[in-house]
Amino acid sequence: MFPQHVIARKRDGHALTREEITAFVRGATDGSWADYQLSAMLMAVFLRGMTPEETAHYTEAMMRSGVVADLSSIKLPKADKHSTGGVGDKVSLHLAPMIAACGVAVPMISGRGLGHTGGTLDKLESIPGFRVNLSMAEYRAELEEIGLSLIGQTAELAPADKKLYALRDVTGTVECIPLICGSILAKKLAEGIDVLVLDVKFGGGAFMKDKAKARELAQALVSVATAMGKPTRAVLTAMEQPLGRAVGNALEVIESIECLNGRGPADTMEVTYALGEQMLLLTKTAATKAEARTKLEQSIVSGAALGKFREMVSAQGGDARVVDEPRRLPQAKFKVSLTAGRAGWVHAVDAMGVALAALRLGAGRAKAEDKVDHAVGFSELVKVGERVEIGATLGVIHANDEKALAEAKVMLAEAIVLGDGVSRAVGLVDDVIGV
């Protein structure tokens, strides 16, 4: 099965067989396909698309390019959540322990951020000593002990994805729904989970700006995962302004701890509960949304969720004292408030504008090899619909470099729009796909 034969068939618009798709993925894994052949195939798929059957074959081949975790020894139901990414999206940090406190194991394998802010792993690594690179044996042991583990992708899990994603990034083939499905689901379904809930975001700060395209992606993800025997639902959520009031790695950890203490921002908790409800419903841990919501709220009120977070931090080598003493997390050298030059209503907090300002501070990566500054970012951000007076704080900038601070302050000011007349934020939770 020569690479050029498979590439030509997809170039000419044919549906590929399972064997042809497996050959392509195997070629990415073992190096038998050259990078230029892999790139040509990716572009052919980008231009010609894949049928639902092809996408399912591709996802399964990606998943089976490495080890599929066997968590059958863990008798609890196993659920995970994945977000397509947004600005200030720290939901995994507090949702995972909330779900674990409800009696559902959460085997969560997350990624790093490439772009404006750090990913889940970068946020966790702001906790002194926290280890995200666990072996599969350590991952399984932690799940058995506390029902919760948040780690990075191991070399054994879906190795084809690392190769193909790198090529997609430099060949203009990232925004292709079949390829996105394979990339996301291969890693998630290799974790050993029973059910999956997806947070598919749309809007100015999201990967998919257009809601119709986000819905198309959500439907494809749910269809493929369900066809592979994993009950899956997707929640469509808006990403026009940052989620919560903090953007930046350590700052978002602090906000997640606030969520676990019952003091989380309303918008963050709205998304958290929407996703958590679906996780409990899919695992049959709750029979109704109301029951699921009650269980999630009780996990916070009782302190059980905060306790799970503390156990996880300790189990993964982190300094668990940060749970009660957040100032043990990295602190920025400079903390400067951006104040309002006029009174008015907050009409917009442009998510991408805030994201780029955070990137200027060093909160994210412009290139994969860049180092993330865990201390920098923004806190106390205003929200759309709030009223502010002259001199009120619109956000606090945390910086370690004076030049970056000055530039980020200008960028943040441009991202926040004040106006006359009451304004309202776009509704956050739009729809649930796969009910």
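How far CE of M41 is from OG1 of T171: 13.0 Å, rounded to the nearest 0.5 Å.
Between E20 and K10 there is no salt bridge, since no side-chain nitrogen of the basic residue lies less than 4.0 Å from a carboxylate oxygen of the acidic one. A salt bridge between K123 and E252 is present, with a side-chain N of the basic residue lying under 4.0 Å from a carboxylate O of the acidic one. For K163 and D35, the salt-bridge test passes: some basic side-chain N is under 4.0 Å from an acidic carboxylate O. Between D12 and R48 no salt bridge is recorded (no basic side-chain N to carboxylate O distance below 4.0 Å). Look at R293 and E297 and you find a salt bridge, because one of the NZ, NE, NH1 or NH2 atoms lies within 4.0 Å of a carboxylate O, short of that distance. Note on E60 versus R64: salt bridge recorded, some NZ/NE/NH1/NH2 to OD/OE distance being below 4.0 Å.
When each of D319, I254, L251, N249 is tested with L329 by the rule side chain to side chain contact (heavy atoms under 4.5 Å, CB included), just one qualifies, namely I254. Under the side chain to side chain contact (heavy atoms under 4.5 Å, CB included) test applied with L281, the options Q278, M279, K284 reduce to a single match, Q278.
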Quiz item: Please walk me through it: do T285 and K295 pass side-chain hydrogen bond (donor to acceptor under 3.5 Å, both in side chains)?
Solution: CA-CA 9 Å; T285 307; K295 284 177 179 286; over 6 Å; no
Exercise. In sequence, state the C-alpha distance, the side-chain angles, and the governing distance for D199 and K81, and then conclude on salt bridge (Lys or Arg N to Asp or Glu O under 4.0 Å).
Key: CA-CA 7 Å; D199 180 1; K81 160 261 175 192; 5.3 Å; no
Quiz prompt | Derivation of the salt bridge (Lys or Arg N to Asp or Glu O under 4.0 Å) call for K383 and E386 | solution = CA-CA 6 Å; K383 306 296 296 183; E386 293 180 342; over 6 Å; no
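Considering every non-hydrogen atom in both V382 and I416, the closest pair reads CG2-CG2, 4.1 Å.
At a cut-off of 3.5 Å, with distance as the only test, a side-chain donor of T272 or H94 sits close to an acceptor on the other residue. Looking at K201 and T237, their side chains do bring a donor and an acceptor atom within 3.5 Å of each other.
Side chains of Y58 and P178 form no contact here, defined as non-hydrogen atoms less than 4.5 Å apart.
A side-chain donor-acceptor contact under 3.5 Å links E191 to the backbone of I109. With S110 contributing its side chain and T120 its backbone, the two residues share no donor-acceptor pair below 3.5 Å.
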